[in-house]
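Quick notes on the structure that follows.
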Amino acid sequence: QVQLVESGGGLVQAGGSLRLSCAASGRIFNNNGMGWFRQAPGKEQEFVAAISWSGSNTYYAESVKGRFTISRDNAKNTVYLQMNSLKPEDTAVYSCAAGRDCSYYRSCDYWGQGTQVTVSS
């Protein structure tokens with residue numbers, strides 16, 4: 001039973017932009033923090049960004065600060081990751097996650113399948 005579905009990945013040139021979306025079931029989305037994580041080939045999964053249930057608190061990895069923006073639309077049960085000024089090192093599979101402690105503590109209970117982002121130089 002799929003409860004988090006990512007979309008919006010693809011191939012983009014360095015300097016370009018992409019917007020990822022993650023649609024969640026209401027049961028998963030409601031009252032939970034949401035996060036984005038990524039994993040590049042041969043590397044461990046790393047935190048990218050997170051947002052609290054209310055949307056009032058956001059958190060970013062240093063590597064993406066100033067370039068990526070996380071947001072959520074609680075009416076649509078969807079969280080977004082706007083990625084600007086993309087670099088080849090941003091290439092990875094990006095996964096959406098949710099959980100009570102997913103934002104501040106980055107400890108998430110539910111995970112999507114991931115969407116591939118490839119940035120060419």
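In this chain, residues are counted from 1 in sequence order.
Here the side chain of Tyr60 pairs a donor or acceptor atom with the backbone of Ile70 at under 3.5 angstrom. Arg100 places no side-chain N or O within donor-acceptor distance of the main-chain N or O of Asp109, the cut-off being under 3.5 Å. The backbone N or O of Gln3 sits nowhere less than 3.5 Å from a side-chain atom of Arg27 that would complete a donor-acceptor pair. Between the side chain of Asn74 and the backbone N or O of Trp53, at least one donor-acceptor pair lies under 3.5 Å.
Residues Ala98 and Leu4 share a closest heavy-atom pair of N-CD1, 4.1 Å. The two residues Ala14 and Ser121 make their nearest non-hydrogen contact at CB-CA, 4.4 Å. Minimum heavy-atom separation, Ala92 to Gln116: O-NE2, 3.4 Å.
Leu81 and Trp111 are not part of a single hydrophobic cluster, where members link through side-chain heavy atoms under 4.5 Å apart.
Atom-to-atom distance recorded for Gln45:CD and Phe37:CZ is 6.5 Å, nearest 0.5 angstrom. Note: Ser54 OG to Arg72 CZ = 8.0 Å, rounded to the nearest 0.5 Å. Of the inter-residue distances, the one linking Ser95 atom OG with Trp36 atom CH2 reads 8.0 Å to the nearest 0.5 angstrom. For the atom pair CG (Asp101) and CG (Asn32), the distance works out to 9.0 Å, reported to the nearest 0.5 Å. Of the inter-residue distances, the one linking Ile51 atom CD1 with Ser56 atom OG reads 8.5 Å to the nearest 0.5 angstrom.
Among residue pairs with one or both ends in residues 76-92, those qualifying as side-chain hydrogen bond (donor to acceptor under 3.5 Å, both in side chains) are Ser17-Asn84, Arg38-Asp90, Arg67-Asp90, Gln82-Asn84; sequence neighbours excluded.
Using a 4.5 Å cut-off on side-chain heavy atoms (C-beta onward), Val64 and Met83 make no contact. Two residues are said to be in side-chain contact when any heavy atoms from C-beta on lie closer than 4.5 Å; Tyr110 and Cys102 fail this criterion. Between Leu20 and Glu6, the closest side-chain pair of non-hydrogen atoms is not below 4.5 Å.
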Phe68 vs Leu18, test: side chain to side chain contact (heavy atoms under 4.5 Å, CB included). Steps then yes/no.
CA-CA 10 Å; Phe68 291 10; Leu18 282 175; over 6 Å; no

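Every side chain to side chain contact (heavy atoms under 4.5 Å, CB included) that Ala50 has, sequence neighbours left out, goes to Phe47, Tyr59, Ser103.
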